[in-house]
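Step one of this worksheet: look at the structure below.
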Amino acid sequence: MGAIFLYLLFSVVSALTSDNARHDIKILSIYGEIASIDQVRLLPAVQIAVNTINQRVRDGLYHNFTFNVLHETVNCDQFPIRGPSLASEYYFREVITAVVGPPCSRQNIGVADLAAFWNIAAISGVSSAVELSDKTRFTTFTRTSFLADGLASAVVATMKQYNWKRCSFIWSSTGYWSIMEKALAGKLQQANIFVHFVGLEYFDTTTEAMQEAGRLGRIIVMATDGPVIRQLMLDAFDLGYINGEFVFFNIYPFTDDVQFKDFTWRALDERDGDAKTAYEALLTISVTEPTAEDVKNFRSEIEMIQLNELNYTALVDQVVAYFLAESAGVFQAVPGKEILWPAGVTAPPLDEPKCGFYNEKPNCHQTEGWGTIAIVLVTTLILAFASVLLFAWVYRRLRRESEVMKMLWKIKYDDLTFTSARKSSNSSKFSGDGGRDVLVKRISKNVLTLSRDILEELTIDILENDSLNIEWAFKYSLMTDIFWGLNYLHNSVIGMHGRLTSSNCVIDSRFVLKLTDYGLFKFRDGEDVDQTSSTYLNSEYESERTELLWRPPEYLLGEQPYPTKAADMYAAGIVMQEIILRSGPFELESGRMTVPEILDKVKAREEPPFRPDFGEEQGTHDVIQLCRSCWSEKPEDRPTASALVNFMKSISRKANYTNNILFRMEKYANNLEALVEERTAAFLEEKKRSERLLYEVLPRSVADQLKTGEPVDPETYECVTIYFSDIVEFTKLSAQSTPMQVVTLLNDLYLCFDNIIDNFDVYKVETIGDTYMVASGLPIRNGDFHAREIANMAIALLRRVENFTVRHLPSYQLKLRAGIHSGSVVAGVVGSKMPRFCLFGDTVNTASRMESTSTAMKIQVSYEAKEIMDSFVVFKFEDRGQIEIKGKGMCTTFWLLGHVWEPDSKLQLNYNADEYSYIEHTKFF
């Protein structure tokens, strides 16, 4: 019927068969506060057991007796003596024969001790403290709920099955989870599995906690409530951890949505899809639920009482069992179920990256010699190449400056002869140099300062320069440049040109046409002359009227007052006509018509439309047709800039020699840029390697100061912790080994040590022979945590040495002795060639004496260091007494034995699991 019934029956039978058997049987049942989780689960079970026993008495199956249950409640958050006091009161007043409850571990320990002394049964449905598993102490006590040790053993069995030697553990310090953390820490320590503890209360967000867990772990175990599990998995999804390199476990003690909340991925929000994907990498470890028929009936009766009398409904999720990891440490796969690892991988992920978490594995690096040679060679080549480029740039810059300052474009005003406009109203005759035509354009400036930028922008118009022989290949090149410019503007944030005319097309010294005077639409708003004003026909607006020749009909009629891409294409067609005829717009028409008359004809929208005439010009038929398509009456019929670019590419590929030369020059320039980028990337990579090597020799903060040329002044540190260790009987071992074997031994040992200390906030100072020196609290101060970090590191090193194998002497057991001391030191960089970061002070000497006076496989700690370590309440010590220390006299020292939760603890602790949760566990090892 259930464990509650069985133990109540045991109590009854024990009472009836004792020497002073009575017919009035009483049992005390202690619950938590009203509507607590144990009430809604245990009270129905007790009621069923009482009713069943009374029914069997009435049926004559048992002796005639009366059976009563006395109910009491306690508050688990208040006095822990409340439960034992109730048990004592009812034992002596009511002569009870069994106790059910209380639910909380602190109170249950006292009740179970009393029950063992009185030799009466004691049972709890929810208390899960590890201490209650001691059957030699609690002889009459049992639990019907999950055991933290059992779930922890299941985790260890799973880790062993897949050969995982390290993991990260994210946990919450409240309720069951603090008990679970303590149990898991002990089991994993016994199995020699490295654990990186990540307490949620020490991080502002779950994202930071997940990042910290991923920093030193690929196997991530989580023990917290269901909604927090979902948020952590979403954080893993956002951080890219659902990639097959990580695997996640969550611990689900038993089915209880009130106590542990909902453990499913579904929350009916916008991230359900991401959560479902993330949960594909999550395995749940929970207690196997019984499937016997009487258990199902018993559960149905409990749920009925919960619903009818306690108004409580339990929701149970559907889960899939992949394997059974029993509390005894046996891993058994469920037949027909195969684990699908995340991201489509076919094998379990590794518990550590191939190159280590910090890329510290030796096989992932090149040899130091080749690296140094590569750095020197690449640096020399890059410096030589950079010198050549710098010389070329300086020479070109000076030559350009000389050309700019000569101002060959400058024309004196006295040399200009203004005649009647032959080609446009803006033209004039330059009397010098054979009477060439030049273009004069009015600017709206009272004062003009010729800055260097203006000097570089000034150029001349070449279309009407008859001294230049422009062939069709060059004309094609100019048109293509216009279309390229328009295509760029149309696809940029500017959107369009808006004021395209031939005077806004300038040509630089490389005969590349560039577009100017584009954009600034709001700034130029209102600048155009109103065509309906009375002053429109005045001669002073001749230049403004001429600019309208590049405007499309829809603009002249006011249908589209703002610039558009289609208007740019119309203007491009007018400019193409100017390039083809080497003349102004509407050149053939301007001889017999004025500008206003031409504009009126354009606005009239005749059929066919009035457009410039090419006369007898024998141009390429395709180009002239393209020009006319740009003049289309309807804006939507005009081609786009990208279409014109593609068209000009097709017709100018054979004839445009200038473009071919420019294309080759551009290709060479691009190749040169790619080469420079490649060499620069190689240089930066070698620079990173050099910096990485420097950071291995000196602390990062000190190395950064040296790189920037800043002096590194000696600094005093008020309190740090220093660790020394050496190999016991190293001289004897060296005598039995060759020099090469000694070097190999030390290299293997210290590589192992270096990998371990990376997990702690410590700095390796130096190694001299078999002496290994480590410090914490410098060069970056970390409060009092330096003592904790050194202690955890020392314990880890000592345990690693127990399993260390000497290559040339496999049967030889290497032994280590270590010493720790805390105090003030002075630290600074000594030397300029092969500089070293050295420590000075009495603290260094005392730490060395702690090591030299220690014994094999023990860690000797000074009184000063122990006093700081005691503030963390996680280490256990043994008083060694007073010993003679050279230079110090008689000093009290201690042996550091390990952590308080280890099974071989010789220290009797006065606090239990509920009081232990405040201790920081972020970095225990």
Side-chain angles (χ1 to χ4, degrees), residues 699 701-702 714-726 753 756-757 759-768 771-798 816-828 837-855 858-900 907 919-925:
S701 59
V702 175
E715 188 173 0
T716 299
Y717 295 85
E718 295 299 327
C719 189
V720 301
T721 301
I722 300 178
Y723 164 92
F724 275 89
S725 67
D726 69 352
F753 282 9
I756 292 175
I757 70 174
N759 299 309
F760 306 93
D761 184 15
V762 299
Y763 171 67
K764 176 183 174 183
V765 181
E766 61 181 352
T767 55
I768 302 176
T771 302
Y772 196 81
M773 179 181 179
V774 182
S776 180
L778 55 82
I780 299 176
R781 294 172 173 83
N782 57 2
D784 287 337
F785 291 103
H786 51 80
R788 185 195 68 182
E789 295 296 314
I790 288 292
N792 286 325
M793 180 207 70
I795 295 171
L797 294 181
L798 197 65
L816 197 73
R817 64 181 178 186
I820 299 175
H821 178 61
S822 297
S824 62
V825 298
V826 174
F837 185 74
C838 299
L839 309 183
F840 303 90
D842 183 68
T843 301
V844 179
N845 297 331
T846 305
S848 178
R849 298 287 184 268
M850 290 293 105
E851 174 265 326
S852 61
T853 58
S854 181
T855 60
K858 286 193 175 183
I859 305 169
Q860 185 172 220
V861 182
S862 67
Y863 176 83
E864 291 81 358
K866 176 185 179 295
E867 194 173 21
I868 302 176
M869 295 177 189
D870 283 341
S871 63
F872 297 97
V873 203
V874 294
F875 303 105
K876 58 184 178 182
F877 299 88
E878 180 182 324
D879 190 353
R880 185 183 184 184
Q882 290 193 338
I883 62 172
E884 178 72 19
I885 301 296
K886 182 179 180 181
K888 305 287 288 186
M890 300 301 294
C891 297
T892 301
T893 63
F894 302 84
W895 297 120
L896 174 60
L897 303 179
H899 298 99
V900 295
L907 183 64
I919 300 175
E920 178 176 289
H921 283 61
T922 304
K923 291 182 178 178
F924 263 169
F925 309 106

side-chain contact (heavy atoms from CB on, under 4.5 Å) filter on A865, not counting sequence neighbours, yields I820, S822, V861, S862, M869

Residue list, side-chain contact (heavy atoms from CB on, under 4.5 Å) with T855, at least two apart or on another chain
K858, R880, W895

Of all heavy-atom pairs linking V873 and V900, the shortest is O-CG2, 4.2 Å

Rounded to the nearest 0.5 angstrom, the NE2-OG1 distance for H821 and T893 is 12.0 Å

Salt bridge (Lys or Arg N to Asp or Glu O under 4.0 Å) contacts in which one or both residues fall within residues 882-895, not counting sequence neighbours:
D842-K888

With the side chain counted from C-beta on, respond yes when T892 and D879 share a heavy-atom pair under 4.5 Å apart, and no when they do not.
yes

Taken in chain and number order and not counting sequence neighbours, the residues that satisfy salt bridge (charged side-chain N to carboxylate O under 4.0 Å, His left out) with R817 are D726, E851

Of the non-hydrogen atoms in S824 and T843, which two are nearest, and what is the gap between them?
O-OG1, 2.7 Å

Give, for atom CG of L896 and atom CD of E878, the distance between the pair rounded to the nearest 0.5 Å.
11.0 Å

With sequence neighbours left out, write down each residue that passes salt bridge (charged side-chain N to carboxylate O under 4.0 Å, His left out) with K866, or none if nothing qualifies.
D870

Roughly how far, to the nearest 0.5 Å, is the CD1 atom of I885 from the OG atom of S852?
6.5 Å

Indicate every side-chain donor-acceptor pair of residues 773-782 with a distance under 3.5 Å to a residue at least two apart or in another chain.
residue	atom	partner	partner atom	Å
S776	OG	D761	O	2.8
S776	OG	N782	ND2	3.3
R781	NH1	E715	OE2	3.0
R781	NH2	E715	OE2	3.1
R781	NH2	T716	O	3.0
N782	ND2	D761	OD2	3.0

Check Q860 against M850 and note the closest heavy-atom contact, atom names and distance.
NE2-O, 2.7 Å

Check salt bridge (charged side-chain N to carboxylate O under 4.0 Å, His left out) between E867 and all other residues, then give those that pass, not counting sequence neighbours.
none

I need the minimum non-hydrogen distance between I868 and C719, along with the two atoms involved.
CD1-SG, 3.7 Å

Evaluate the side chain to side chain contact (heavy atoms under 4.5 Å, CB included) criterion for residues R788 and N792: first the C-alpha distance (whole Å), next the side-chain angles of each, then the deciding distance (0.1 Å), finally the verdict.
CA-CA 6 Å; R788 185 195 68 182; N792 286 325; 3.6 Å; yes

Can you label the angle between the F877 ring and the F894 ring as parallel, tilted or perpendicular, going by 30° and 60°?
perpendicular

Please name all residues satisfying side chain to side chain donor-acceptor pair (under 3.5 Å) with S848, sequence neighbours left out, ordered by chain then number.
none

Once you round to the nearest 0.5 Å, how far does CG of D784 lie from OG1 of T721?
8.5 Å

Heavy-atom nearest pair, I757 first then K764, reads CD1-CB, 3.8 Å

Decide side chain to side chain contact (heavy atoms under 4.5 Å, CB included) for Y723 and L797; before the verdict, give the C-alpha distance in whole Å, the side-chain angles of both, and the deciding distance to 0.1 Å.
CA-CA 11 Å; Y723 164 92; L797 294 181; 3.7 Å; yes

Suppose we screen for ring pair (Phe, Tyr, Trp, His ring centres under 6.0 Å). Which residues come up paired with Y772, at least two apart in sequence or across chains?
Y750, F753

